[in-house]
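Heads up: the structure comes next, in structure tokens.
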Amino acid sequence: MAYIQFFDTTLRDGEQTPGVNFNQQEKIQIARQLETYGVDVIEAGFPIASDGDFHSVKEIANVIKTATVCGLARSVERDIDRAYEALRDAANAQVHVFLATSDVHMKHKLNMSRPQVLASIKHHVAHARKLFPIVQFSPEDATRTDPAFLVEAVQTAIDAGATVINIPDTVGFTNPTEFGALFRYLRESIPRFDEVIFSTHCHDDLGMSVANALAAIENGARRVEGTVNGIGERAGNTALEEVAVALHIRNDYYKSESGIILNQTKKTSDLISRLSGMPVPRNKAIIGGNAYAHESGIHQDGVLKEPTTYEIITPALVGVEKNSLPLGKLSGRHAFVTRMEELGYTMTDDEEK
Ligand code: KIV
Ligand code: ZN
């Protein structure tokens, strides 16, 4: 049974959601709930980005005791040093260093050549490793990077001391078949693949981020990054609650386990929804208001006879009180009579017809 680490970036990538801003007190409240939820790593922010971010990361580092607290840093010494200042008192700390490796980013954004990018990875990962026991390196825009160059970049980071390699689908471009194949290719090309942790970080531009993350897990990823409710830059990130429940419900297939306390799912989701001001769509998997509601008569009859006819997830598993049988124009007699009984009416056989 493979253990899959959960890396939550609700406070960093999640806060990049247009219109979402958490204040320091809210960030601490969220971090505490994420720890209760059982995530392994909390990406608390980007310490160089602002004094506010720095102080929030520092405060979270002071209060979180079991999860690892992480700060983001560009491949720039002062970013890494600032992350260290913020995280030095954490019980468990890690830094997340990133640099883009796709041609489009190197040419238009960084104005750097491939050899310059490799040299920067080598220098900055080595610098980070002098300060942190756990150093995660992300080749940004990995899924649009020439695969042979991606291997060079990843190998350079590992040789310089990276202990976690995160493969980001920065623009939500890939699909599960391709992303699984990319992990297989990395596994075959990197001799020390099993000595470091490979991680996945997906965006949802084409609506495939959860499927892509699961494809990565099937092909050797041992860490999954994402956010609660899938909030994040543009269309958002992998919804961690969906991955956690998928690994649990389809344990027969994924043969993986995690530290996520599933019955904290609803509470965690509600908190993020309230503090981010982002309502959860009713048809959202796992925690949407309709996820445990059955309206058609045939489904209602089945669920009243045996819930597993139409429910693969018990509401209680994720901390939802109970399922519901809303009465609509397609509902059936069985649900109607059940509701009347709940309301205290006893119906005669004639009335039931
Ligand atoms: O999407 C992305 O590439 C990121 C990196 C910082 C990992 O968020
Ligand atoms: Zn991202």
Side-chain angles (χ1 to χ4, degrees), residues 5-18 20 39 41-50 53 57 68-76 79-80 82-83 86 94-106 108-110 112 117 120-121 124-125 128 132 134-145 149-150 153-154 157 162-174 179 182-183 186 196-210 212-213 216 221 223-240 243 272 276:
Q5 298 182 0
F6 274 63
F7 175 114
D8 181 280
T9 182
T10 304
L11 294 172
R12 198 277 296 169
D13 217 322
E15 214 195 11
Q16 290 174 217
T17 310
V20 171
V39 308
V41 187
I42 297 170
E43 189 163 53
F46 193 0
I48 195 84
S50 68
D53 250 51
V57 175
T68 295
V69 182
C70 172
L72 184 68
R74 291 168 301 180
S75 289
V76 172
D79 280 34
I80 297 164
R82 193 74 172 141
Q94 79 145 75
V95 67
H96 178 185
V97 179
F98 71 100
L99 186 62
T101 50
S102 65
D103 287 336
V104 62
H105 277 236
M106 289 189 295
H108 297 288
K109 188 182 81 174
L110 300 175
M112 286 169 84
V117 163
S120 177
I121 294 171
H124 292 103
V125 170
F132 289 91
I134 307 174
V135 173
Q136 169 168 316
F137 175 72
S138 288
E140 190 190 6
D141 204 17
T143 53
R144 293 192 300 168
T145 297
F149 183 60
L150 183 64
V154 166
T163 57
V164 182
I165 298 292
N166 178 48
I167 303 297
D169 182 26
T170 304
V171 291
F173 178 73
T174 197
F179 205 44
L182 182 61
F183 270 79
L186 289 168
V196 296
I197 290 175
F198 271 77
S199 169
T200 165
H201 174 112
C202 297
H203 280 267
D204 209 33
D205 300 67
L206 294 175
M208 292 191 272
S209 65
V210 170
N212 289 337
R223 172 180 282 190
V224 58
E225 293 196 9
T227 59
V228 175
N229 299 343
I231 66 171
E233 186 83 43
R234 302 184 311 281
N237 289 63
T238 300
L240 286 184
V243 177
I272 305 298
S276 66

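First listed ligand is number 1; within each ligand, the first listed atom is number 1. Just so it is clear, the values below take in all heavy atoms, side chains as well, and ignore hydrogens, waters and symmetry mates.
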Determine whether Val243 and Val210 satisfy the following criterion, side chain to side chain contact (heavy atoms under 4.5 Å, CB included), listing intermediate values before the conclusion. CA-CA 6 Å; Val243 177; Val210 170; 4.1 Å; yes
side-chain contact (heavy atoms from CB on, under 4.5 Å) partners of Ser209, counting only residues at least two apart: Cys202, Asp204, Thr238
Quick test: of every protein heavy atom, which one is nearest to atom 3 (O) of ligand 1, and how far off is it to 0.1 Å? Thr170 OG1, 2.6 Å
Report the part of Arg74 (side chain from C-beta onward, or backbone N, CA, C, O) that has a heavy atom under 4.0 Å from ligand 1; answer both or neither where that applies. neither
Would you mind telling me if ligand 1 is within reach of the side chain of Asp13, the backbone, both or neither, using heavy atoms under 4.0 Å? side chain
Just jot down the ligand 1 atoms closer than 4.0 angstrom to any heavy atom of [X], in number order.
{"X": "His203", "answer": "1 (O)"}
{"X": "Ser138", "answer": "7 (C)"}
{"X": "Arg12", "answer": "4 (C), 6 (C), 8 (O)"}
{"X": "His201", "answer": "1 (O), 2 (C), 4 (C), 8 (O)"}

Minimum non-hydrogen distance to atom 7 (C) of ligand 1, winning option of Glu233, His96, Glu140, Arg234: His96
What is the name of the N/O/S atom of Asp13 that is nearest to the Zn ion (ligand 2)? OD2
Looking at His201, the N, O or S atom sitting nearest the Zn ion (ligand 2) is NE2
Would you mind reporting whether Ile134 and Val164 have side-chain heavy atoms less than 4.5 Å apart? yes
Glu225 vs His96 side-chain heavy atoms within contact, under 4.5 Å: yes
Phe149, CZ: over 12 other non-hydrogen atoms inside 6.0 angstrom: yes
Closest approach of Phe98 to Ser75 (non-hydrogen atoms, all atoms of both residues): O-OG, 3.1 Å
Applying the side chain to side chain contact (heavy atoms under 4.5 Å, CB included) test to Phe46, which of Asp13, Asp53, Val57 qualifies? Asp53
Can you label the angle between the Phe183 ring and the Phe179 ring as parallel, tilted or perpendicular, going by 30° and 60°? perpendicular
Judging by distance only, is a nitrogen or oxygen of Asn166 under 3.5 angstrom from one on ligand 1? no
